[in-house]
Asks: 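Pasting in a structure now, in C-alpha cells, and then I'll have a few things to ask.
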Amino acid sequence: MLVGAGGAEVWATPLTPFRYEAQAQRHCPHDRVVWLDFKKGRYYRKGQKRYGQGFDGSFVCLNEARGSFYRRSLLGLR
C-alpha cells in the first residue's frame, strides 16, 4: 500500500490477520504475536488485559503491526 503524505511516499507492510493465536505463531515463528485492535489502531502484547479481547481485532505478527503503523498500548503492562 502506498500513502502520499505531503509529497513523501510511505510504504505500509501488508497485514496477515488470524483468528487464533496459534495460526499467527505458525505464520511468524521467529516473531511475537500481538492482538491488533483495528478500531483503536493499537496492539497489545501477551499479558496485557486487552490481549485477545474484543470483536474488532485479530492476531498478527509484531513486525507486521509495526510496519503498518499501529502503535503499542501501554495499558496493562506488567
Side-chain angles (χ1 to χ4, degrees):
M1 174 186 341
L2 177 66
V3 179
E9 294 180 359
V10 179
W11 291 92
T13 305
L15 284 173
T16 309
F18 294 95
R19 182 175 181 154
Y20 300 106
E21 183 180 8
Q23 292 172 325
Q25 193 62 64
R26 281 193 299 272
H27 175 71
C28 51
H30 302 292
D31 195 8
R32 283 185 169 171
V33 173
V34 296
W35 175 258
L36 189 62
D37 188 332
F38 296 117
K39 244 183 183 178
K40 295 182 181 179
R42 297 192 182 272
Y43 63 84
Y44 302 92
R45 291 184 177 189
K46 195 169 196 166
Q48 289 182 294
K49 185 176 181 180
R50 294 186 180 170
Y51 181 81
Q53 302 293 316
F55 297 106
D56 296 321
S58 188
F59 292 103
V60 298
C61 303
L62 177 60
N63 288 331
E64 289 180 7
R66 285 181 178 166
S68 294
F69 305 108
Y70 285 90
R71 297 178 299 169
R72 68 184 174 121
S73 174
L74 298 176
L75 295 175
L77 286 177
R78 294 182 182 172

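These numbers come from a predicted model, not from an experiment. Residue numbers start at 1 and run along the sequence shown.
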Asks: Counting only heavy atoms from other residues, nucleotides and ligands, does the tally under 6.0 Å from OH of Tyr20 exceed 12?
Replies: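 Not more than 12 within 6.0 Å, no.
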Asks: With rounding to the nearest 0.5 angstrom, report the CZ to OG distance, Arg71 to Ser73.
Replies: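 Rounded to the nearest 0.5 Å, the CZ-OG separation comes out at 9.5 Å.
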Asks: Going from CG on Leu15 to CD on Glu64, what distance comes out if it is rounded to the nearest 0.5 angstrom?
Replies: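 Reported value, rounded in 0.5 Å steps: 6.0 Å.
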Asks: Verify the ring-centre separation between Tyr43 and Trp35: is it less than 6.0 angstrom?
Replies: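 No, too far apart.
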Asks: Where the side chain of Asp31 meets the backbone of Cys61, is there a donor-acceptor pair that is under 3.5 Å apart?
Replies: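 No: the side chain of Asp31 does not pair with the backbone of Cys61.
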Asks: Taking the side chain as C-beta and beyond, is there a heavy-atom pair between Arg72 and Leu62 under 4.5 Å?
Replies: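 Arg72 does not reach Leu62 side chain to side chain.
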Asks: Just verifying a value: how many Å separate Phe55 CZ and Lys39 NZ, rounded to the nearest 0.5 Å?
Replies: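 Going from the CZ atom of Phe55 to the NZ atom of Lys39 covers 11.0 Å.
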Asks: Any idea which heavy atoms bring Ala24 and Phe59 closest together, and the distance?
Replies: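 Taking Ala24 first and Phe59 second, the nearest heavy atoms are CB-CB, 3.9 Å.
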Asks: I want to check something: taking the side chain as every heavy atom from C-beta on, are Tyr70 and Val34 in contact at a cut-off of under 4.5 Å?
Replies: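 No, their side chains stay 4.5 Å or more apart.
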Asks: For residues Gln23 and Arg19, report the shortest heavy-atom separation together with the two atoms involved.
Replies: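 Distance-wise, the nearest heavy atoms are OE1-N, 3.5 Å.
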Asks: Under 3.5 Å, is there a donor-acceptor pair linking the side chains of Tyr51 and Glu21?
Replies: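 A pair is found: one side chain offers a donor N or O, the other an acceptor, under 3.5 Å apart.
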